[in-house]
Each structure stands twice: as C-alpha cells, then as structure tokens.
Amino acid sequence: MDRANGSLLSGFILLGFSNRPHLETALFAVILVIYFLSFLGNSTIIVLSIVDLHLHTPMYFFLSNLSFMDLCLTTCTVPQTLFNFKGKDKTITYGGCVTQLFIALGLGGVECVLLSVMAYDRYAAVCRPLHYMVIMHPQLCLQLVITAWLTGFGNSVVQTALTMTLPLCGRNQLDHFFCEVPVMLKLACTNTFINEAELFAVSVFFLVVPLSLILVSYGHITHAVLKIKSAQGRRKAFGTCGSHLLVVIIFFGTLISMYLQPPSSYSQDVNKSIALFYTLVTPLLNPLIYTLRNKEVKSALRRIMGRTTDSRKS
C-alpha cells in the first residue's frame, strides 16, 4: 500500500501559496521576523524562570514549559515553511511529514492540558492563598506537567498512525504549509468517516473538556476576586489571571475553529490562515502577553540585566 501511495518514494508537495508567488515573497520576510521575535521572547522566559530565584514558583514553572512548547512548535513548522516559500522545491519527505505531524499534534495536546493545569494553579493562588504552597507543591507540579506531556504525545502516536496509514492512491499534493491531520484526511482516496469521527471525539476531549475546566476555574476566581476589599488587590489578581485567560482565548479559539468541524467542509484559504496564526502568531503573543502585563517578569529581566552590567564594569 505504501508503494501504491508513492509517499515513501517521493514524499509530499506542500503547495502553501504557490499560486500567489508575490504573497509568498512578502510572507517570507514577515514570518522570518515573527519567528525570530518568538524565539527570542520564549527563550527569555525560559532563561528567566531558571536563573531568577524569584520566579521559582509553580506559575513560572508551567509558563516555562509553555514557552518551551512554543519554541518546539515554531521550530517544527516554520523552517520548512520558509524553505518552501523561498525555493522552487516545495517537497517534504515522508519521514519529515510523519515527524512534523507527530510533533505538532503532540505539542498541541500538551498545551491544551497544560493551560487547564495553569488555570487550576491560578484558582489555588486566588481562592486558596493560605494553602497555595501546600496544594501546589513541587512534586504535584512535576506530576501534572509529566501527565500533560504523556497525554499529548500518547494521543499523537495514535492519531499519526491512523492518519499516515490511509491510502492516498498516488496523491501527494498538500494544499497547506505543513502536514496536518485534516489536510491528510482530505488527501485520502477512501471513506474517512471513521477517522473524522475519531478526530472529532479526540478534539472534544482535548479542547472542550479543558476549556470547560478553565472556565469553571475562572468562574470561582472571579467570584473570589470580587470579594477582595482592596482595589489594588483586585487589580493584581485580575492582572495575573487576565494574562492567562487571554492566552486561553487565543489558543482555544484558533484550535476549535480548525478541528471542531468536518475536514470536508474546510475552506483551505481560511484553514491555512488560521494554521499560520496558530503556529506562528500565538507563540509570539504568549511571551508578549505575559511579559508586558507581568511586573514580576519585567523585574526579573531588570535584575538580570543589572547583574550583567555590574559584572562588565567589574
């Protein structure tokens, strides 16, 4: 069956915006700049969370994991996209497509679970402040993160296997920037109803369930914050939680629009735009949102810069 598909021999052709070469040239420059800024921003958060002792808290432990996932996601998809935009060769090997699909799916699942874990962390910090360090002890934080990674990549193993074993009958042109499940399902030359139903069920588990838990957590958080008598205390609580909620809205909004609809009903131009936003813009927004709206991160950055300046002077 693999030889009939031709995929093992020739790989796949990623069409992207090949019918609009001028758009590809403009997008190449934009994507390159955003990729660099995203890499710099997420790397900064990871380094600060490790180096600065003031950020050795559960919140920044989860945040550094989120930044690491964003780094992996952009590095998994963006270099191939830039290569395809710049050159005439728009192919990706079969192994490269499998790897890209597996990593992107796994990281997406991990982030869904991790964002719900971060919502629980904020719930414990705001609603149970006196017991926060007892509830969110280091062992639990590590267990939650490991669970998120195992759940995300465990699902990715199953999804990748089901998707990449579909018969393609020699078709190898993907109307997309990278290998993605809905696009691969559209390429198949067999009835994909079971695959679509299974994808929908998994999407509900990884999108609707975590989002529901997050909304419930923030319902309790809002109720608790409104009870705070100090206006400054309310602003601080809403500021910290608002950053996380903004990330949640952007992340889940894009993924729900991508996966909670039948692949057969996709508009490819819309789907490609959403996918580009999810894999490129969202990883850039995460460090910007957390950095610009968070005094602790900015203070940590100033302390690190101050140490660097002092060491150079001495």
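This one's a predicted model, so the numbers in the text were calculated from it and none came from an experiment.
In this structure the side chain of P283 never reaches within 4.5 angstrom of the side chain of Y35, judged on heavy atoms. Between M164 and Y94, the closest side-chain pair of non-hydrogen atoms falls below 4.5 Å. Side-chain atoms of L276 and I31, non-hydrogen and from C-beta on, do get closer than 4.5 Å to each other. Side-chain contact between F206 and L255: absent, with no pair of heavy atoms (C-beta onward) separated by less than 4.5 Å. Residues F178 and V78 are not in side-chain contact: their nearest non-hydrogen atoms beyond the backbone lie 4.5 Å or more apart. With a 4.5 Å cut-off on side-chain heavy atoms, Y60 and L48 do not count as touching. Side-chain atoms of I250 and I289, non-hydrogen and from C-beta on, do get closer than 4.5 Å to each other. Side chains of L115 and F252 form a contact here, defined as non-hydrogen atoms less than 4.5 Å apart.
One hydrophobic cluster, built from ILVMFWY side chains closer than 4.5 Å, holds both V247 and L215. Note: the hydrophobic cluster containing V110 does not contain L213 (ILVMFWY, side chain heavy atoms under 4.5 Å, direct or indirect links). Transitive grouping of hydrophobic side chains (ILVMFWY, heavy atoms separated by less than 4.5 Å) keeps V181 and L15 in distinct clusters. Placement of L23 and I274 within a single hydrophobic cluster is found when ILVMFWY residues are connected by side-chain heavy-atom separations under 4.5 Å, directly or transitively. Note on F153 and L105: same hydrophobic cluster, where clusters join Ile, Leu, Val, Met, Phe, Trp and Tyr whose side-chain heavy atoms are under 4.5 Å apart, directly or indirectly.
With rounding to the nearest 0.5 Å, the separation of OG1 in T160 from CG in L101 is 4.5 Å. Separating the OG1 atom in T77 from the OH atom in Y278 is a distance of 9.0 Å, to the nearest 0.5 Å. Remark: C189 SG to R171 CZ distance equals 5.5 Å, nearest 0.5 Å. A distance of 4.5 Å separates CG in L280 from CD1 in I34, rounded to the nearest 0.5 Å. Between atom CG of residue N42 and atom OG1 of residue T74 there is a gap of 7.0 Å, rounded to the nearest 0.5 Å. With rounding to the nearest 0.5 Å, the separation of CG in L14 from CD in Q173 is 10.5 Å.
Closest non-hydrogen pair, I214 versus A119, comes out as CG1-CB, 3.8 Å.
Counting only distance, with no hydrogens or angles, the side chain of S156 and the backbone of F102 share a donor-acceptor pair below 3.5 Å. Between the side chain of T192 and the backbone N or O of N195 there is no donor-acceptor pair closer than 3.5 Å. Put simply, the side chain of T75 never gets that close to the backbone of C72: no donor and acceptor are under 3.5 Å apart. Put simply, the side chain of E111 never gets that close to the backbone of L66: no donor and acceptor are under 3.5 Å apart. Panel note: side chain H131, backbone V134; no donor-acceptor pair is recorded below 3.5 Å. Of the possible donor and acceptor atoms, one in the side chain of S64 sits under 3.5 Å from a partner among the backbone N and O of F61. Panel note: side chain R128, backbone Y123; no donor-acceptor pair is recorded below 3.5 Å. Between the side chain of H176 and the main chain of G16, no donor-acceptor pair closer than 3.5 Å is present. Judged purely by atom type and a 3.5 angstrom limit, K90 has no side-chain atom pairing as donor or acceptor with the backbone of I13. Remark: side-chain polar atoms of S257 are paired, donor with acceptor, to backbone N or O of T254 under 3.5 angstrom.
By the neighbour-count criterion of 12 heavy atoms within 6.0 Å, atom CZ of F39 is sparsely surrounded, having that number or fewer from other residues, nucleotides or ligands. Heavy atoms of other residues, nucleotides or ligands lying less than 6.0 angstrom from CG of L226 number more than 12. Environment of NE2 in H223: sparse, with no more than 12 heavy atoms of neighbouring residues, nucleotides or ligands closer than 6.0 Å.
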Next on the checklist: Does F251 form a side chain to side chain contact (heavy atoms under 4.5 Å, CB included) with C112? I'd like the steps, not just the answer.
Outcome noted: CA-CA 9 Å; F251 177 78; C112 290; 3.6 Å; yes
Checklist entry - What do the steps show when you test Q80 against F83 for side chain to side chain contact (heavy atoms under 4.5 Å, CB included), and what is the final call? => result CA-CA 5 Å; Q80 179 71 47; F83 177 78; 4.1 Å; yes
Item to check | Residues M69, N286; criterion side chain to side chain contact (heavy atoms under 4.5 Å, CB included); working and verdict | outcome: CA-CA 11 Å; M69 281 185 290; N286 287 350; over 6 Å; no
Checklist entry - Would Y132 and T57 satisfy side chain to side chain contact (heavy atoms under 4.5 Å, CB included), going step by step from the backbone distance to the final call? => result CA-CA 11 Å; Y132 176 67; T57 63; 5.5 Å; no
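A perpendicular orientation is assigned to the rings of F85 and F177, their planes being inclined by more than 60° (bins at 30° and 60°). Ring pair W149/F68 is tilted by interplanar angle, where 30° to 60° counts as tilted.
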